[in-house]
Amino acid sequence: MSQSLAAAGTTAGPVPELALAGDLVHPARLTVPDLLAWRQHEADVSFDCATSGIQHHRFTGPLLHDVLMDAGPRFDPARRKDRLRFLIAVSGADGHHTLLSWAEIDPDFGRAGVLLAVTIDDTSLDRAGPQLVLPQDRCGARHISGITAVRVDGGYTSWV
């Protein structure tokens, strides 16, 4: 988060989209205005950034879990706890990536309130694109700005 996200939110140009892809019944392309259709959550976040010190921000947006559940992850109901083999890969426009497990965001397991933020400090991210926010992280390294893709992958059927 080295650039000012507030300034990026006012830059003219095409509206950024994030692609929901992978093992989903309803893959989609979503914009910040699309993400406003889900219930919005707020998170006051403080994290220690290696390059710029401690950062404090207020984010709003839907929970990643809610958005992905609406996209229909292809869990196999015949397999006990099938959702625990699913991974979620998130990519940003700046080349940053992170990986989460489904169990991390699932209310029955880790219950992490991971957001697809549509605002930062009351400034819309409609021109910068949504941001992945993990309020529980001490370090902001998994906060992904300008999300371009969220891929759900349940291809892990055997463990070596």
Side-chain angles (χ1 to χ4, degrees), residues 1 5 16-50 55-122 124-126 128-159:
M1 270 210 296
L5 287 179
E17 291 183 325
L18 79 85
L20 294 181
D23 293 326
L24 299 170
V25 175
H26 307 289
R29 297 190 73 75
L30 302 172
T31 63
V32 165
D34 295 332
L35 292 170
L36 292 170
W38 281 270
R39 180 175 169 224
Q40 301 296 294
H41 298 262
E42 287 187 355
D44 290 314
V45 178
S46 295
F47 56 88
D48 193 359
C49 181
Q55 301 283 314
H56 303 280
H57 296 287
R58 171 170 283 192
F59 295 95
T60 61
L63 293 174
L64 174 62
H65 180 266
D66 293 349
V67 173
L68 292 179
M69 285 303 294
D70 280 355
R74 292 185 185 273
F75 301 143
D76 181 351
R79 293 180 66 175
R80 187 172 177 264
K81 298 189 266 185
D82 187 52
R83 59 193 161 157
L84 298 182
R85 69 183 170 91
F86 280 69
L87 297 177
I88 304 160
V90 181
S91 300
D94 60 0
H96 286 100
H97 308 281
T98 196
L99 190 63
L100 301 137
S101 70
W102 188 273
E104 192 172 356
I105 66 167
D106 193 303
D108 289 337
F109 298 98
R111 287 184 290 183
V114 177
L115 297 181
L116 290 174
V118 296
T119 70
I120 180 173
D121 301 326
D122 298 320
S124 176
L125 293 171
D126 61 339
Q131 181 169 344
L132 186 74
V133 177
L134 291 94
Q136 71 280 6
D137 283 9
R138 183 193 63 79
C139 170
R142 292 197 299 172
H143 288 227
I144 304 294
S145 301
I147 299 170
T148 56
V150 176
R151 180 170 184 76
V152 176
D153 191 342
Y156 303 94
T157 57
S158 66
W159 303 87

Any [X] side-chain heavy atom under 4.5 Å of [Y] side chain:
| X | Y | result |
| --- | --- | --- |
| W38 | V67 | yes |
| Q55 | S46 | no |
| I144 | H97 | no |
| Q136 | V114 | yes |
| H56 | F47 | no |
| F59 | E42 | no |

Salt-bridged, [X] to [Y], with N to O below 4.0 Å?
| X | Y | result |
| --- | --- | --- |
| R58 | D121 | no |
| D108 | R83 | yes |
| R111 | D106 | no |

Nearest-0.5 Å distance that lies between atom [atom1] in [X] and atom [atom2] in [Y]:
| X | Y | atom1 | atom2 | result |
| --- | --- | --- | --- | --- |
| T31 | E17 | OG1 | CD | 7.0 Å |
| D122 | T60 | CG | OG1 | 7.5 Å |
| L84 | E104 | CG | CD | 12.5 Å |
| L30 | L116 | CG | CG | 8.5 Å |
| Q40 | L115 | CD | CG | 9.0 Å |
| L64 | L134 | CG | CG | 8.5 Å |

### Task
For side-chain contact (heavy atoms from CB on, under 4.5 Å), just list the numbers for L125 and V118, CA-CA rounded to whole Å, side-chain angles, deciding distance to a tenth of an Å, and then say yes or no.
CA-CA 5 Å; L125 293 171; V118 296; 5.6 Å; no

Atom of [X], atom of [Y] and distance for their closest heavy-atom approach:
| X | Y | value |
| --- | --- | --- |
| P16 | G129 | CG-N, 3.6 Å |
| G113 | P135 | O-CD, 3.4 Å |
| L18 | I147 | CB-O, 3.5 Å |
| V133 | A117 | CG2-CB, 3.7 Å |
| R142 | L99 | NH1-O, 4.1 Å |
| A71 | L20 | CB-CD1, 4.1 Å |

### Message
Determine whether the aromatic ring centres of residues F109 and W102 are separated by less than 6.0 angstrom.
### Response
no

### Task
Would you check, one step at a time, whether the test side-chain contact (heavy atoms from CB on, under 4.5 Å) holds for V45 with H143?
CA-CA 11 Å; V45 178; H143 288 227; 3.8 Å; yes

### Any residue meeting salt bridge (charged side-chain N to carboxylate O under 4.0 Å, His left out) with D82, in chain and number order, not counting sequence neighbours
R79, R85

### Query
Are S91 and T148 close enough, and set up right, to give a side chain to side chain donor-acceptor pair (under 3.5 Å), and what steps lead you there?
CA-CA 6 Å; S91 300; T148 56; 5.1 Å; no

### Task
Take V90 and H96 through the test side-chain contact (heavy atoms from CB on, under 4.5 Å) and record every step on the way to the result.
CA-CA 8 Å; V90 181; H96 286 100; over 6 Å; no

### Task
Could you give me the CA-CA distance, side-chain angles and deciding distance for D66 and R39, then say whether salt bridge (Lys or Arg N to Asp or Glu O under 4.0 Å) is met?
CA-CA 9 Å; D66 293 349; R39 180 175 169 224; 6.0 Å; no

### Message
Which residue in the set L68, L100, L24 passes side-chain contact (heavy atoms from CB on, under 4.5 Å) when paired with V150?
### Response
L68

### Message
For S124 and T119, which I'm curious about, is there any donor-acceptor pair between the side chains at under 3.5 Å?
### Response
no

